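What you are looking at is a predicted structure, and each value in this text was computed from that prediction instead of being measured.
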Amino acid sequence: MEKISNVTEFVFLGLSQNIEVEEVCFVVFSFFYMVILLGNLLIILTVCVGNLFKSPMYFFLNYLSFVDICYSSVTAPKMIVDLLAKRKTISYVGCMLQLFGVHFFGCTEIFILTVMAYDRYVAICKPLWYMTIMDRDRCNKMLLGTWIGGFLHSIIQVALVIQLPFCGPNEIDHYFCDVHPVLKLACTDTYVVGGVVTANSGTIALGSFVILLISYTIILVSLRKQSAEGRRKALSTCGSHIAVVIIFFGPCTFMYMRPDTTLSEDKMVAVFYTIITPMLNPLIYTLRNAEVKNAIKKLWRRRVFWEANGK
């Protein structure tokens, strides 16, 4: 069947149709986005300047912060600008690129969180073999795997959508281009495509979530053999990881594990994994991690020293 499309742009309905609510959201989300940028850049700077790359945990944390910046930047700037716009539009090409970016960076983040859980499992359950198992070469290969996995996932999502015809209407009941809201606008039967999308995204979200739960359960059980000090340190680190996993995977599972349907709550749920989680990650990892806090203090002291000496 030949693809016939006459839609060259889409119109977002946005978070709200109330002007006053949108003005408040503009201020709130502008602040959130600044926190995302500054917080994650601080972690990247701290890891690089503090020479924490030698630790696999901080090696992956550095790239998690980078992915968080990219992930939120795919949707947040456009959403913030649209909050003050009378007509919220995006071109067809822009929509497909945004869809690709959301799933590429979102899936990459899922895989990085899974790798970080494996890192904690090895560190706590096999401490004597930790540096042998998690050497730099293996870390690089696992990181490369997360990027390749995210790319393959997003390419599949976009390939399923881009071959569909769009004849109108062109209003997307969301604040960014995601698969389910866009599928609703296709002027053809999308039952099979919707099923494949759900199977693809759902398997990755739920499968990774289950793996993470099993990993952290094993870690928590193994802590009974540790000393009181060892348990405290391990719980502090794992506690931050578990908090991120719950905040990120809860909304993701809600969105992508169900059939090809959209709900009125979807937009607010999407805010959690596109904006709230990237904003909370730096806070969670810095406030719950003594080593990161110490590295930030050293970085700050160095800056004060430079300023005092006029450098």
Side-chain angles (χ1 to χ4, degrees), residues 7-15 29-30 32-37 39-41 44 62-83 85 88-114 143-164 166 170 172-185 193 196-198 200-202 204-205 208 248-249 251-252 255-256 262 266-267 269-279 281:
V7 171
T8 58
E9 69 174 16
F10 294 101
V11 179
F12 293 130
L13 296 184
L15 286 173
F29 289 119
S30 295
F32 284 176
Y33 186 56
M34 288 302 298
V35 173
I36 290 170
L37 294 180
N40 284 292
L41 283 173
I44 293 172
N62 181 70
Y63 285 100
L64 177 66
S65 294
F66 174 73
V67 170
D68 273 336
I69 291 174
C70 297
Y71 185 39
S72 60
S73 296
V74 173
T75 58
K78 170 67 175 167
M79 179 195 70
I80 291 167
V81 171
D82 282 348
L83 285 168
K88 309 167 177 56
T89 62
I90 187 170
S91 67
Y92 175 84
V93 174
C95 183
M96 294 302 108
L97 288 173
Q98 191 177 57
L99 193 154
F100 174 85
V102 167
H103 283 269
F104 174 49
F105 292 114
C107 188
T108 301
E109 176 151 348
I110 286 175
F111 290 146
I112 289 178
L113 289 171
T114 305
L143 181 66
L144 178 62
T146 65
W147 288 105
I148 293 174
F151 179 78
L152 292 176
H153 163 73
S154 55
I155 279 293
I156 292 172
Q157 301 291 89
V158 173
L160 290 170
V161 175
I162 208 167
Q163 48 87 30
L164 297 173
F166 295 92
N170 66 339
I172 299 176
D173 189 14
H174 216 305
Y175 64 88
F176 69 91
C177 287
D178 202 0
V179 180
H180 292 316
V182 173
L183 286 181
K184 287 183 66 177
L185 304 182
V193 173
V196 175
V197 165
T198 301
N200 185 318
S201 299
I204 290 173
S208 299
F248 185 75
F249 280 90
C252 276
M255 289 289 291
Y256 297 110
T262 55
D266 285 354
K267 287 182 280 189
V269 172
V271 167
F272 273 90
Y273 60 83
T274 58
I275 296 177
I276 303 299
T277 302
M279 181 184 68
N281 275 355

Close side-chain approach of F66 to N62, heavy-atom, < 4.5 Å: no
V67/W147 under side-chain contact (heavy atoms from CB on, under 4.5 Å): CA gap, chis, key distance, verdict: CA-CA 10 Å; V67 170; W147 288 105; 3.7 Å; yes
Atom of Q98, atom of I90 and distance for their closest heavy-atom approach: OE1-CD1, 3.9 Å
Atom pair CG/OG of L37 and S73 - distance to nearest 0.5 Å: 5.5 Å
Stepwise side-chain contact (heavy atoms from CB on, under 4.5 Å) check, V7 with L185: CA-CA 10 Å; V7 171; L185 304 182; over 6 Å; no
Any donor-acceptor N or O pair under 3.5 Å, side chains Y175, T274: yes
Polar side-chain atom of D82 near backbone of G14 as donor-acceptor pair, under 3.5 Å: no
Heavy-atom side-chain contact between K267 and D173 under 4.5 Å: yes
Close side-chain approach of V102 and Y71, heavy atoms under 4.5 Å: yes
Rounded distance (nearest 0.5 Å) linking atom CZ of F248 with atom CD1 of I276: 13.0 Å
Least distance between heavy atoms, F272 atom then P251 atom: CB-CG, 3.7 Å
Atom pair OG1 (T198) and CG (L183), whose distance is rounded to the nearest 0.5 Å: 8.5 Å
Interatomic distance, L83 atom CG to F12 atom CZ [nearest 0.5 angstrom]: 12.0 Å
Spatial distance of atom CZ (F10) from atom CZ (F176) [nearest 0.5 Å]: 14.5 Å
Trace of the side-chain contact (heavy atoms from CB on, under 4.5 Å) decision for V182 with F166: CA-CA 9 Å; V182 173; F166 295 92; 3.6 Å; yes
Inter-residue atom distance M96.CE - I162.CD1, 0.5 Å rounding: 6.5 Å
For S30 against I80, the heavy-atom pair lying closest together: OG-CG2, 3.4 Å
I69 side chain near I44 side chain, heavy-atom distance below 4.5 Å: yes
Non-hydrogen atoms of T114 and S208 that approach each other most closely: OG1-CB, 3.8 Å
S72 and D68, any side-chain heavy atoms less than 4.5 Å apart: no
L160 and N200, any side-chain heavy atoms less than 4.5 Å apart: no
In residues 103-112, what donor-acceptor pairs under 3.5 Å come from side-chain atoms, sequence neighbours left out?
unit_1 : atom_1 : unit_2 : atom_2 : d
H103   : ND1    : H153   : NE2    : 3.1
H103   : NE2    : D178   : OD1    : 3.0
T108   : OG1    : F104   : O      : 2.7

Side-chain touch I275/M79, heavy atoms, less than 4.5 angstrom: yes
C95 side chain reached by I172 side chain, heavy atoms, under 4.5 Å: yes
Minimal non-hydrogen separation, M279 against V35, with atom names: CG-CG1, 3.5 Å
